[in-house]
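Below: one structure, written as structure tokens.
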Amino acid sequence: MPELPEVETVVRDLRPLLAGRGITGVRQSKHKLRRPWKPQWNAAVNGARVEAVRRRGKWILIDLAGAEPNPPPPPSLKGRGEKRSGNSSSPFPSGKRAGGLGSSPLLRVHLGMTGQFTVVPASAAPPDHLHVVFALDNAHELRYRDPRRFGSVEYFANRADAEAELSAELGPEPFGIDATYFRAAVRGTARNLKAILLDQTIVAGVGNIYADEACFRAKLHPGRTGKSLSAADCDRLREAIESVLTRAIESRGSTIRDYVGGSGLGGGFQNEHAVYGRTDQPCPACAAAIECARYAGRASHYCPRCQDSGVRIRDSGKKKKQQRASS
DNA sequence: TCGGCCCTGGGG
DNA sequence: CCCCAGGGCCGA
């Protein structure tokens with residue numbers, strides 16, 4: 001369900017609701033998530049305080065100040081030089097935390113397809129499929145709900161461990177990607193563009209909706225091979241990724257089914273989709289009927305006129321479901 | 001590199 | 001009833 005814009009929206013919603021809050025308890029359901037919350041983590045989280053809420057790719061990271069009373073960092077003598085949090089180009093601090101011992105804990109959350117991560121009053125009626133609940137010190141709760149259970153909530157005693165793991169598995173954030181890197185990554189493979197864009201090790205955060213929308217904006221067919229692209233094509237695609245994700249964040253992401261932000265409010269970018277979910281509807285640029293085929297195992301939407309140039313891997317799937325013969 | 005699979009719910 | 005769904009991992 002959630003791609004980068006939706007995850008970013010959750011993070012931005014949660015940040016003011018969680019900053020500085022203490023966690024006073026943890027509950028969990030008996031149903032296991034893909035990576036289950038372990039009961040022994042309860043004691044570690046109980047009494048911790050939220051320091052920051054961040055995003056890396058489609059992952060939500062919540063920095064905690066541990067329940068064990070660590071010596072507080074000495075007050076900085078740099079005065080007003082404090083960094084603004086939340087807008088740095090890297091989600092990770094560039095250096096070691098001053099005065100830190102490198103053992104600060106962290107919660108790492110993935111929303112899978114149907115995950116919802118919200119702060120609500122503790123008195124709010126619990127919905128179905130509630131899996132992990134963190135009680136807060138202000139009579140609210142941070143609730144993780146996920147009907148399909150493809151997501152996860154995990155605890156790391158040392159946030160550097162979690163960050164190292166993500167750094168090894170994820171490519172760069174899709175804002176300000178190095179053009180040379182992107183050209184080489186795209187042109188160096190015979191895979192199709194859809195598969196390339198969904199590959200989190202090349203660029204982190206793009207999913208099925210924004211892969212289709214980025215291809216449309218770049219006027220590139222999702223079935224095109226990476227190696228068939230010119231350098232200019234790659235540059236257009238890179239800029240399309242950045243622009244569509246930026247616009248989607250401004251609209252709080254796309255609410256297709258059950259996505260909600262961290263405060264329970266949905267998104268509006270679905271109203272600006274040019275191709276995703278618009279099979280047989282007119283292309284906003286040329287009015288040709290939008291088509292749908294299967295690439296990288298995922299439904300892929302495109303305009304056959306605007307995006308039909310260049311060499312393409314043969315359609316791996318039927319454009320349309322074969323019409324059923326009715327008796 | 002790809003299909004299958006993990007799950008539940010909703011829609012045709 | 002069947003098929004589909006915003007993701008990612010695993011094994012052929």
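Nothing here was measured: the structure is a model prediction, and the numbers come from that model. As a basis for the values below, the full set of heavy atoms in this structure was taken, side chains included, without hydrogen atoms, waters or symmetry mates. Chain A is the first sequence line, chain B the second, and so forth, proteins listed ahead of strands; every chain is numbered from 1.
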#### Entry: Spacing between A:Arg35 atom CZ and C:dG8 atom P, to the nearest angstrom
11 Å
### Message
Judged by each residue's nearest nucleotide on DNA chain C, which is more toward the 5′ side, A:Arg148 or A:Leu198?
### Response
A:Arg148
### Task
Check whether the side chains of A:His131 and A:Asp146 place a donor and an acceptor atom closer than 3.5 Å, and report yes or no.
no
#### Entry: Any A:His110 side-chain N or O less than 4.0 Å from OP1/OP2 of C:dG8
yes
## Note on the structure
Nearest-nucleotide check on DNA chain B, A:Asp128 vs A:Arg34; residue mapping nearer the 5' end is A:Arg34
### Query
How many Å lie between CZ on A:Arg298 and P on B:dG4, as a whole number?
15 Å
### Task
Please answer whether the main-chain N or O of A:Arg108 pairs with a side-chain N or O of A:His110 as donor and acceptor at a distance below 3.5 Å.
no
### Query
With centres under 5.5 Å and planes under 30° as the test, does A:Phe150 stack with C:dG8?
no
### Side-chain donor/acceptor of A:Arg149 to base of B:dC7, under 3.5 Å
no
### Message
What's the closest nucleotide to the side chain of A:Tyr276 if the choices are C:dG7, B:dT8, C:dA5?
### Response
C:dA5
### Of the listed nucleotides C:dC9, C:dA5, C:dG7, the one nearest the side chain of A:Ala299
C:dA5
### Rounded interatomic separation in angstrom, taking CH2 from A:Trp59 and C1' from C:dG8
9 Å
### Task
Flag yes if A:Phe216 and A:Val186 sit in one hydrophobic cluster, no otherwise; membership is Ile, Leu, Val, Met, Phe, Trp, Tyr, and two members link when side-chain heavy atoms are under 4.5 Å apart.
no
#### Entry: Short side-chain N/O contact from A:His31 to OP1 or OP2 of B:dT8, under 4.0 Å
no
### Task
Go through B:dT1, C:dG7, C:dA5 for me and flag the one nearest to the A:Thr189 side chain.
B:dT1
#### Entry: Whole angstrom value for the distance that separates C1' of B:dC7 from NE2 of A:His129
10 Å
### Query
Does a side-chain N or O from A:Lys58 land closer than 4.0 Å to OP1 or OP2 of C:dG8, or not?
yes
### Message
Here's a test for you: under side-chain hydrogen bond (donor to acceptor under 3.5 Å, both in side chains), which of A:His273, A:Arg217, A:Glu6 qualifies with A:Tyr210?
### Response
A:Glu6
### Message
Using the C1' atom as the point on both nucleotides, what is the distance between B:dC6 and C:dC1, in whole Å?
### Response
22 Å
### Task
Please state how far atom CD in A:Gln200 lies from atom P in C:dC9, giving the value in whole angstrom units.
9 Å
### Message
Measure CD/A:Glu165 against P/C:dG8 and give the value in whole Å, please.
### Response
14 Å
### Query
Considering only the P atoms, how many Å lie between C:dG8 and B:dG10, rounded to the nearest integer?
23 Å
### Flag for A:Glu291-A:Tyr302: side-chain donor and acceptor within less than 3.5 Å
yes
### Message
I'd like the P distance from C:dG11 over to B:dC7, given in whole Å.
### Response
15 Å
### Message
Using a heavy-atom cut-off of 4.0 Å across all strands, would you classify A:Ala195 as base, sugar-phosphate, or nothing?
### Response
nothing
#### Entry: Whole-Å distance separating the CG atom of A:Leu130 from the P atom of B:dC7
19 Å
### Query
Between A:Glu165 and A:Arg35, is there a salt bridge with N-O shorter than 4.0 Å?
yes
### Task
Rounded off to whole Å, could you give me the CD-to-P distance for the A:Glu3 and C:dG7 pair?
5 Å
### Query
Paired with B:dC7: which nucleotide, if any, by Watson-Crick or G-U wobble criteria at under 3.5 Å for both distances?
none
